[in-house]
Asker: 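I have a structure I would like to understand better, so I am pasting it below and will then ask my questions one at a time.
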Amino acid sequence: MRIAVITGAAKGLGLETARQLSNLGLRAILTGRDETALAQAGERIENAEWHGLDVADAASVATFFDWLAERHGRLDVLVNNAGRVYGGHGASLLQTDPEVVLEAIQNNAIGAFRMMQRALPMMAQGGYGRIVNVSSGMGALTDMGMGAVPYRVSKTTLNALTLLAAREAPAGVKVNAVCPGWVRTDMGGPNATRDVESGAHGIVWAATLADDGPTGGFFRDSAEIAW
Ligand code: NDP
């Protein structure tokens, strides 16, 4: 049975991605910072287990992978979903504290970077791997708007790390970035245009790509979009 690790899985897109992967027969390992919320979420999903993990904390990532190696000895799918927004979407470049930009990069991009550094060697051992970095069109250089500077820069950084990891990925391992669209979660808010099921769909698609599927791409609804 394939082992899938999902970060930030106590709610929102992470939780729905875990649910859909479990429905497809994968063993979903939900991870997150709030262990109470995580346990409540995990109990609602068949074929799931859960473990505390703060991707912004190197020691937490190391502890998690030690546990994973001992418990399962393999990793097939990694969904780097954990992310948060920093400040209002309206704040301009001039109003933005550079320290907050660094904090956003730490959490939304370096967290995924750490996860990939531990995941790739495990996937190399198994000769199979699917890594999905949950990004955003707000990080696309070709579609750069204004405002939300920390969030945008963190997702652009995540996109760069996606490509770099794809270039170095061992045989059988695919690394892609996915924008879920504007989704009704705590982050997306009630006015977002998509429900969480359809938002997670494109993530699950990239997490279960066939052997001839793409790598090193940026996708929304299974269609390639520009970086
Ligand atoms: P939610 O706010 O509902 O969920 C985000 C989850 O990420 C939370 O469980 C949060 O945990 C977790 N998280 C944040 N930082 C960390 C961390 N350091 N370690 C572990 N977990 C962490 O948001 P969504 O479900 O909407 O977002 C999921 C992903 O999708 C994010 O990466 C987001 O940027 C991306 N996205 C969402 C869009 C939308 O419209 N909703 C649009 C485009 C992209 P905690 O509660 O502890 O903070």
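The figures that follow rest on heavy atoms only: side chains count, while hydrogens, waters and symmetry mates do not. In listed order, ligands and their atoms are each counted from 1.
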Asker: Report the C-alpha separation of L94 and S92 in whole Å, then their side-chain angles, then the decisive distance to 0.1 Å, and conclude whether the side-chain contact (heavy atoms from CB on, under 4.5 Å) test is met.
Answerer: CA-CA 5 Å; L94 297 183; S92 76; 4.0 Å; yes

Asker: Under 4.0 Å from a heavy atom of G188: give me the atoms of ligand 1 that qualify, with their elements.
Answerer: 40 (O), 41 (N)

Asker: Distance to 0.1 Å, residue and atom name: give those for the protein heavy atom nearest to atom 28 (C) of ligand 1.
Answerer: N81 OD1, 3.0 Å

Asker: Check ligand 1 against Y151 and write out every atom of the ligand that is under 4.0 Å from a heavy-atom position of the residue.
Answerer: 33 (C), 34 (O), 35 (C), 36 (N), 43 (C), 44 (C)

Asker: Mind checking whether T7 has a heavy atom under 4.0 Å from ligand 1?
Answerer: no

Asker: Decide whether an N or O pair under 3.5 Å exists between D54 and ligand 1.
Answerer: yes

Asker: What's the verdict on side-chain contact (heavy atoms from CB on, under 4.5 Å) for Y86 and T96, showing C-alpha distance, side-chain angles and the deciding distance?
Answerer: CA-CA 10 Å; Y86 290 78; T96 300; over 6 Å; no

Asker: Name all pairs fulfilling the ring-ring contact (aromatic ring centres under 6.0 Å, His included) condition that reach into residues 152-172, sequence neighbours left out, sorted by first residue then second.
Answerer: none

Asker: Just to be sure I'm reading this right: ignoring hydrogens, which of A82, G137, G199 gets closest to atom 22 (C) of ligand 1? Compare them by their nearest heavy atoms.
Answerer: A82

Asker: If you look only at pairs with a residue in residues 132-179, which of them pass as a ring-ring contact (aromatic ring centres under 6.0 Å, His included), with sequence neighbours excluded?
Answerer: none

Asker: So does R130 pair up with D211, basic N to acidic O under 4.0 Å?
Answerer: yes

Asker: Just distances here: any N/O of G12 and N/O of ligand 1 closer than 3.5 Å?
Answerer: no

Asker: Write out the residue and atom name of the closest protein heavy atom to atom 20 (C) of ligand 1, then the distance separating them to 0.1 Å.
Answerer: L53 O, 3.4 Å

Asker: Is the closest protein non-hydrogen atom to atom 39 (C) of ligand 1 under 4.0 Å?
Answerer: yes

Asker: Against heavy atoms of W182, which atoms of ligand 1 measure under 4.0 Å?
Answerer: 40 (O)

Asker: Please determine which of N47, I29, I6 meets the side-chain contact (heavy atoms from CB on, under 4.5 Å) test together with L21.
Answerer: I6

Asker: If you measure every N/O of V183 against every N/O of ligand 1, is any gap under 3.5 Å?
Answerer: yes

Asker: Verify, without hydrogens or angle tests, whether T31 (side chain) and H51 (backbone) share a donor-acceptor contact under 3.5 angstrom.
Answerer: no

Asker: In ligand 1, which numbered atoms sit nearer than 4.0 Å to a non-hydrogen atom of G181?
Answerer: 38 (C), 39 (C), 40 (O), 42 (C), 43 (C)

Asker: If the cut-off is 4.0 Å to any non-hydrogen atom of V55, which atoms of ligand 1 fall inside it?
Answerer: 17 (C), 18 (N), 19 (N), 20 (C)

Asker: Tell me the protein heavy atom at minimum distance from atom 26 (O) of ligand 1, and give that distance in Å.
Answerer: T185 OG1, 2.5 Å

Asker: Name the closest protein heavy atom to atom 25 (O) of ligand 1, giving the residue it belongs to and the distance to 0.1 Å.
Answerer: L13 N, 2.8 Å

Asker: Nearest to atom 8 (C) of ligand 1 by heavy atom, K11, M138, M115: which?
Answerer: K11

Asker: Specify side chain, backbone, both or neither for R194, according to which of its non-hydrogen atoms lie closer than 4.0 Å to ligand 1.
Answerer: neither

Asker: Under 4.0 Å from a heavy atom of V134: give me the atoms of ligand 1 that qualify, with their elements.
Answerer: 29 (C), 30 (O), 32 (O), 35 (C)

Asker: If you measure from atom 44 (C) of ligand 1 to every heavy atom of C179, S135, A192, which option wins on shortest distance?
Answerer: S135

Asker: Indicate yes or no: does D66 engage R118 in a salt bridge with an N to O separation below 4.0 Å.
Answerer: yes

Asker: Take atom CE in M146; do more than 12 heavy atoms of anything else shown fall under 6.0 Å from it?
Answerer: no

Asker: Considering only non-hydrogen protein atoms, determine which one is nearest to atom 12 (C) of ligand 1 and report residue, atom name and distance to 0.1 Å.
Answerer: G8 CA, 3.7 Å

Asker: Which heavy atom of the protein is the closest neighbour of atom 5 (C) of ligand 1, given with residue, atom name and distance?
Answerer: G83 O, 3.6 Å

Asker: Check the angle between the aromatic planes of W227 and F218 and answer parallel, tilted or perpendicular using the 30° and 60° thresholds.
Answerer: parallel

Asker: Going by the order shown, which atoms of ligand 1 are within less than 4.0 Å of some heavy atom of A56?
Answerer: 18 (N)

Asker: So does A28 get a backbone contact from the side chain of S22, meaning a donor-acceptor N/O pair under 3.5 Å?
Answerer: no

Asker: Which atom names give the shortest non-hydrogen contact between L13 and A200, and what distance separates them?
Answerer: CD2-N, 3.6 Å

Asker: Find out whether E103 and R84 are in side-chain contact, i.e. whether some heavy atom of one side chain is under 4.5 Å from a heavy atom of the other.
Answerer: yes

Asker: Would you say P180 contacts ligand 1, with heavy atoms under 4.0 Å as the rule?
Answerer: yes

Asker: For atom 47 (O) of ligand 1, which protein heavy atom lies nearest, and how many Å away is it?
Answerer: R33 NE, 3.1 Å

Asker: With N80, which of V5, V132, I131 fulfils side-chain contact (heavy atoms from CB on, under 4.5 Å)?
Answerer: I131

Asker: Is there a donor-acceptor contact under 3.5 Å linking the side chains of T156 and N159?
Answerer: no

Asker: When you measure from atom 15 (N) of ligand 1 to every protein heavy atom, which one gives the shortest distance, and what is it?
Answerer: N107 ND2, 3.0 Å

